[in-house]
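The structure appears below as structure tokens.
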Amino acid sequence: MAPSAIATTPDSAPTGALTTTFDDTLRFYLNGTRVVLDEVDPEATLLEYLRGIGLTGTKLGCGEGGCGACTVVVSQYNPTTKKIYHASVNACLAPLASIDGKHVITIEGIGSTKNPHPTQERVAKGHGSQCGFCTPGIVMSLYALLRNNDAPTEHDVEEAFDGNLCRCTGYRPILDAAQTFSVKKNQANGCGNSTANGGSGCCMENGNGGGCGGAKFDDSQPIKRFTPPGFIEYNPDTELIFPPQLKKHDFRPLAFGNKRKKWFRPVTLDQLLEVKAAFPQAKIIGGSTETQIEIKFKALQYPVSVFVGDIPELRLYEFKDDHLDVGANITLTDLENVSLDAIKHYGEAKSQIFSAVHKQLKYFAGRQIRNVGTPAGNLITASPISDLNPVLMAADAVLVAKSPKKETELPMADFFTGYRKTSLPEDAILTSIRIPLTKEKNEFFRAYKQAKRKDDDIAIVTSAMKVRLNDDGVVEVANLVYGGMAPMTVAAKKANEFLKGKRFAELETLEGAMNALEQDFDLSFGVPGGMASYRKSLALGFFYRFYHEVMQILGGKADKEAVDELEREISVGKEDREAAAAYMQETVGKSNPHVAALKQVTGEAQYTDDIPPMKNELYGCLVLSNRAHAKLLSVDFTPALDIPGVVDYVDKNDMPNEKANRWGAPHFEEVFFAEDEVHTAGQVIGMVLATSAARAAEGARAVKVEYEELPAIFTIEEAIEKESFYNYFREIKKGDPEGAFAKCDHVFTGIARMGGQEHFYLETNAAIAIPKPEDGEIEIWSSTQNPNEAQVYAAQVLGVQSNKVVVKVKRMGGGFGGKESRSVPLSTYTALAARKTKKPVRCMLTREEDMLTSGQRHPFLGRWKVGVNKDGKIQALDLDVFNNAGWSWDLSGAVCERAMTHSDGCYLIPNIHVRGRLCKTNTMSNTAFRGFGGPQGMFIAECYMSEVADRLGMPVEKFREINMYKPLEETHFNQPLTDWHVPLMYQQVQDESQYSARREAITKFNSEHKWRKRGLALIPTKFGISFTALWFNQAGALVHIYHDGSILVAHGGTEMGQGLHTKMTQIAAQALNVPMENVFISETATNTVANASATAASASSDLNGYAIYNACQQLNERLAPYREKLGPDATMKDLAHAAYFDRVNLSAQGFYKTPEIGYTWGANTGKMFFYFTQGVTAAEVEIDTLTGTWTCLRADIKMDVGQSINPAIDYGQIQGAFIQGLGLFTMEESLWLRNGPLKGNLFTRGPGAYKIPGFRDIPQEFNVSLLKDVEWKDLRTIQRSRGVGEPPLFMGSAVFFAIRDALVAARKDYGVEATVGEDKKGDGLLRLESPATPERIRLACADPIVTRARVEPKEGEKSFFIAI
């Protein structure tokens, strides 16, 4: 969005209040070029400005600084360090008006496809970019690291990305590429990640160019950087210089304003106090990290803002004799470094507080936030879960505040007065913080934090603890302070009082303090924020850890194992790069980089919202319901139309007829716009159209909606109880289950439950509709996996035939199924709006809107009964499967069917009866997501396998092996398993990962450790490849050969990062015997390939690849005479010329349909899937049972993908799917609010609350290989390859089951274990729900601390959140 140009005259200050002269011109450098702006919108962000002037390489991913897609580098002179610092910054949060005197560097400024920067080239050629939407931000984080430190360590490299997220790659290839810039002391090889250095293998160590070799290092020599062969050398001396003019920049006080907002930028403390006196209510802005979120997501208005980031006085520090005096507006990055300097200056004993500050800041948000965030902002925000505030309070720090008349000292103990309230006087500014030193002897200070994710996450509970003892070991001072236990940061008063005067080393002191803490934090079950038992256990656990660390230092009796926290090593990994050697051809079988990788790393790749705005273009914003279930009494758009810039709106009344408002095959029961009733919070009521996205959003907020609330249903259990189902029932029955149960030695029962998952593609749904002046034509650019369906429904609402609607897709920034059906409404709304206004209409959903409206993976519940004999052979399974469909059908029926077909896992069960139902609830409409029900079905299978193995007292690995399918045995839907390699891979993975030796080592480890437990799991998968709806298993392609020998390919598949266009280019190049560079795929469009199926079901390479091959075969037949005539050396240009002059058609349309398939439900006959992609994974974890924290120590994945078309693409899909699966099964949890004004609304609606895996959540050792040296006799796909997009996702469950394995060992220490041979209710059998969050892990333990921390609900009391 380009910022509006507006006048800059701040007014309405009291007469004579401001004596300072404020300038109104912004001066900065952008990619080395000077920019002067004298008309500045005080509401515009840096991101809006950059994208508005055409620098669209910087992306909008979340708008809250949580994903890093918008990362740019802002270089400036740092008054704290007196040096130039190149800060990675979230452009989505940075106010445009804050960059005066700075140098902004964007992805376009560091390189291009013709001349890439080394960071760009290595990430591209190292396969570190898939969808590419997150890539510019990731590259800029790496660039910032190198600008500040051209010889980073491996740790520096890993930490550089803590503010970036990627949903596609699984992070491993990005880290491998980045580690080529790292250095190790005495390394024989320059790449810190090379195999020579014990690393995962430099990403450049492959078959074309040799391995990493080269520069020798020793201590006496300066560090030399290593450049992988064939790559651009990194030379810091050639970087963009910091503009010399900026070194002399005159920082003047600035003021900008419009009718809505005023912005001041003072440059001295006196100027700041003057502005504050004139505008007492002014919002003081340091890093804008919290303010921008309040403006964007809470619609808070700050008519006057004062930016204090350029006041040097507030960013200085000084080491005093008894304290550190630090400027309140020092950046958190600088505070990190100052803390380290303080430790060196004062010595470790006196610097325990600074160690604690550094530790908390290490995991505080991401680097981009720490580069601009400040301690003053933290303090004034007064968040009850701040990481830093408990440290300052426990340290008895003193805050210094200044007003025009006086300086005030504010003790931290009295600073917080309530929820987000402080004792700071209204006219005062926080200027500095005095942090005291600890005593050299007998004083101890530590800080702790627990979050859902280690890096870049808000705390669940945070704490800082101080005790001072006298020489007799008696407590003189105790200050235990907690965040996350009350509406504000609080001291544990009863515990502090109890400790004073007690002899610390006595066990009664520990027990008494724990009792006092229980009284301090007697949380109710329904406490705001939820997690009452877990938070209480953390409060107790942190103190337990602190107590024993102090005892260890004192040399007393200590539980030493409780002291150390779980830390990660540098992650490494291996891929088998020789996997395709046996079948590699000229083009196919080679690990070519993604065809768009260089465009993506340089910001040149164009996504839907990057298309330049057109004249008179309007922006749409959705009007969403905020009730989960209600009658619509009235909707009034009038207030919106009164807002300047708002032009019009569309709703149900703009449909050509009532039927046009209905969509969603096969039942067409869903409505585009709500009619008389809303069925979920986030259901679309209308769309407001305006001249800018900001005005459209303001208009949407102004629409008045009156509701009459109706009862709402959220969970599967509620739906079952109230019999709220869709009219759907499916079953698969084989054999005689009831008869088999009667004859079994044992019958066991159980329930498996797993939550849903947000797609979190980095590019949210976006669409642009461009009306044409003739015949009702319209062109739609959409971020969709399903252009055909977008075309059908646009035609429906416009009342035209489909041939008047062209839908185009260049690429998507991720899809994962979330843009298969749920992208259709947005393109339909924009089409309707464009028709109504006769203007182009654009809409890109915010992250919040996307998460509210686009649906998730279906939560599932399985009720199972398994009959098994003493020898471990399963005889029968009876299973009821329920999925939470949400408020509309969508694809829930097909998802349920796939879950049912995969509920056998990899195991032969001769007698089976599976039934499936769809629960009708008031959540968003759940939809397709990578795996499409398969992972849910297999999860149910592995749950009953694990629990039955425990009941039999048998190792689950052996139980799996006993029941595993053998070749040609039939599934429960009567399909023989051909090319069945799971048993072979099951053995290979055990051998290659030293599984049995590690199992012995883990058993020994667990017997020796109380608070640390390790677990191991070995999980197989088989995933059926084909659409279960028969008619979707078809594809078309169009291939043109031009005079110059170049080839244009069009096919029905869309590119979302999975490398489909890359594989299709390879297939066409191989088939036509031309270099890959001669083949080009421009876009996917409905006017080149009609009636295409959605890009889904892992079948797109199979379908489109064969369609392209078919077209190429036709062309080869036509060109055969010319090849014979012109000889083997003739180029395609020669052939095309000769054929053209003979009037031979150089265009061909290809087609393919999957043969043999066609299953009949009920009769249980016919072939369900064309084949099965298979795999096996071993995973090892370690958990800290005191907190529930865990880390994956190692994962070994082996997949059978047939003969890989492109091994690098396939490895990327495997790694990315595995990490997405790891997120699904261990950390990604969607929560709804149970009560309050937002009752029934989704709470987890952005990266702040919804956590996907980050760079440091991947396995510490991450090994992937492809099955080789086998024969695929029955596989009749293109190049004998197998679909790979979805199948590896379930492999992430290996981490879940390894966690379960560790928890079984932890519970066994306290006598809590399954009763063998008996289906006993309420015994020690572990039933672990997915996701296995730190909360669930901790509460599954049975130690005395968690037992005493459990909070039981009172009668009628319910939890704060609803977990779906």
Side-chain angles (χ1 to χ4, degrees), residues 30-31 45-63 65-75 86-94 104-147 160-161 163-169 171 173-175 177-178 240 366-368 371 593-594 596-611 761-764 766 783 810-814 844 1055-1057 1247 1255:
L30 176 59
N31 295 330
T45 63
L46 177 56
L47 179 65
E48 289 164 349
Y49 170 75
L50 293 172
R51 294 185 61 80
I53 62 170
L55 294 176
T56 55
T58 308
K59 306 301 183 193
L60 174 62
C62 68
C67 72
C70 65
T71 302
V72 296
V73 170
V74 177
S75 304
H86 306 280
S88 53
V89 166
N90 293 121
C92 72
L93 298 180
V104 178
I105 305 172
T106 71
I107 192 74
E108 295 92 345
I110 68 170
S112 64
T113 48
K114 291 180 180 175
N115 185 26
H117 189 274
T119 54
Q120 294 171 322
E121 185 193 43
R122 294 187 200 180
V123 170
K125 293 186 177 178
H127 313 291
S129 181
Q130 288 186 20
C131 86
F133 202 80
C134 67
T135 306
I138 285 169
V139 169
M140 292 310 291
S141 288
L142 178 57
Y143 175 81
L145 170 71
L146 295 176
R147 288 304 305 267
F161 301 114
N164 293 86
L165 295 175
C166 171
R167 196 53 153 164
C168 297
T169 62
Y171 301 111
I174 300 171
L175 286 168
L240 275 171
R367 175 60 64 198
Q368 294 93 320
N371 278 335
H594 194 292
L598 261 180
K599 291 194 280 283
Q600 290 166 187
V601 297
T602 56
E604 294 174 24
Q606 192 178 67
Y607 299 81
T608 302
D609 195 50
D610 297 339
I611 295 170
Y761 27 69
L762 266 290
E763 178 207 29
T764 57
S783 177
K810 185 72 176 176
R811 61 174 57 81
M812 282 166 277
M844 183 178 186
E1055 176 63 54
M1056 62 189 107
F1255 277 82

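Nothing fancy with the numbering, it's 1 onward along the sequence.
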Exercise for the section: Say whether, by atom type as modelled, one donor and one acceptor occur between the side chain of Arg167 and the main chain of Cys134 under 3.5 angstrom. Expected result: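 Such a contact is absent between Arg167 side chain and Cys134 backbone.
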Just how far is it from atom [atom1] of [X] to atom [atom2] of [Y], taken to the nearest 0.5 Å?
X      : Y      : atom1 : atom2 : value
Thr56  : Ile611 : OG1   : CD1   : 10.0 Å
Ser783 : Arg811 : OG    : CZ    : 11.5 Å
Thr106 : Leu50  : OG1   : CG    : 6.5 Å
Leu142 : Ser88  : CG    : OG    : 11.0 Å
Thr169 : His594 : OG1   : NE2   : 12.0 Å
Glu121 : Asn115 : CD    : CG    : 10.0 Å

What pair of heavy atoms forms the shortest contact from [X] to [Y], and how long is it?
X      : Y      : answer
Gly126 : Pro173 : O-CB, 3.5 Å
Gln130 : Cys168 : OE1-O, 3.3 Å
Thr71  : Gly137 : CB-O, 3.6 Å
Glu108 : Gly57  : OE2-N, 2.7 Å
Thr58  : Ala91  : CG2-CB, 4.3 Å
Gly66  : Leu165 : O-CD1, 3.4 Å

Exercise for the section: Would you kindly say whether Ser129 and Gln600 are connected by a side-chain donor-acceptor distance under 3.5 Å? Expected result: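 Judged by distance alone, the side chains do pair up.
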Practice task
State whether a side-chain donor-acceptor pair under 3.5 Å links Thr602 with Gln120.
Solution key: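 Judged by distance alone, the side chains do not pair up.
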In the structure I gave you, are the side-chain heavy atoms of [X] and [Y] within less than 4.5 Å of one another anywhere?
X      : Y      : result
Val601 : Pro116 : no
Ser112 : Glu604 : yes
Gln368 : Met140 : no
Ile174 : Asn164 : no
Cys67  : Leu762 : yes
Tyr607 : Lys810 : no
Ile53  : Leu30  : yes
Met844 : Glu763 : yes

Problem - side chain to side chain contact (heavy atoms under 4.5 Å, CB included) evaluation trace for Asn31 with Val104 - result: CA-CA 6 Å; Asn31 295 330; Val104 178; 6.0 Å; no
Practice task
Before giving the answer on salt bridge (Lys or Arg N to Asp or Glu O under 4.0 Å), spell out for Asp609 and Arg51 the whole-Å C-alpha distance, their side-chain angles and the decisive distance to 0.1 Å.
Solution key: CA-CA 10 Å; Asp609 195 50; Arg51 294 185 61 80; 3.5 Å; yes
Exercise for the section: Mind checking ring pair (Phe, Tyr, Trp, His ring centres under 6.0 Å) for Phe1255 and listing every partner two or more places apart, or none if nothing turns up? Expected result: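 Listed in chain order: Phe161, Tyr171.
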Exercise for the section: Before giving the answer on side chain to side chain contact (heavy atoms under 4.5 Å, CB included), spell out for Thr45 and Cys92 the whole-Å C-alpha distance, their side-chain angles and the decisive distance to 0.1 Å. Expected result: CA-CA 6 Å; Thr45 63; Cys92 72; 5.7 Å; no
Practice task
Apply side chain to side chain contact (heavy atoms under 4.5 Å, CB included) to the pair Met812 and Tyr761, showing each step before the final yes or no.
Solution key: CA-CA 9 Å; Met812 282 166 277; Tyr761 27 69; over 6 Å; no
Practice task
Would you check, one step at a time, whether the test side chain to side chain contact (heavy atoms under 4.5 Å, CB included) holds for Val89 with Val73?
Solution key: CA-CA 6 Å; Val89 166; Val73 170; over 6 Å; no
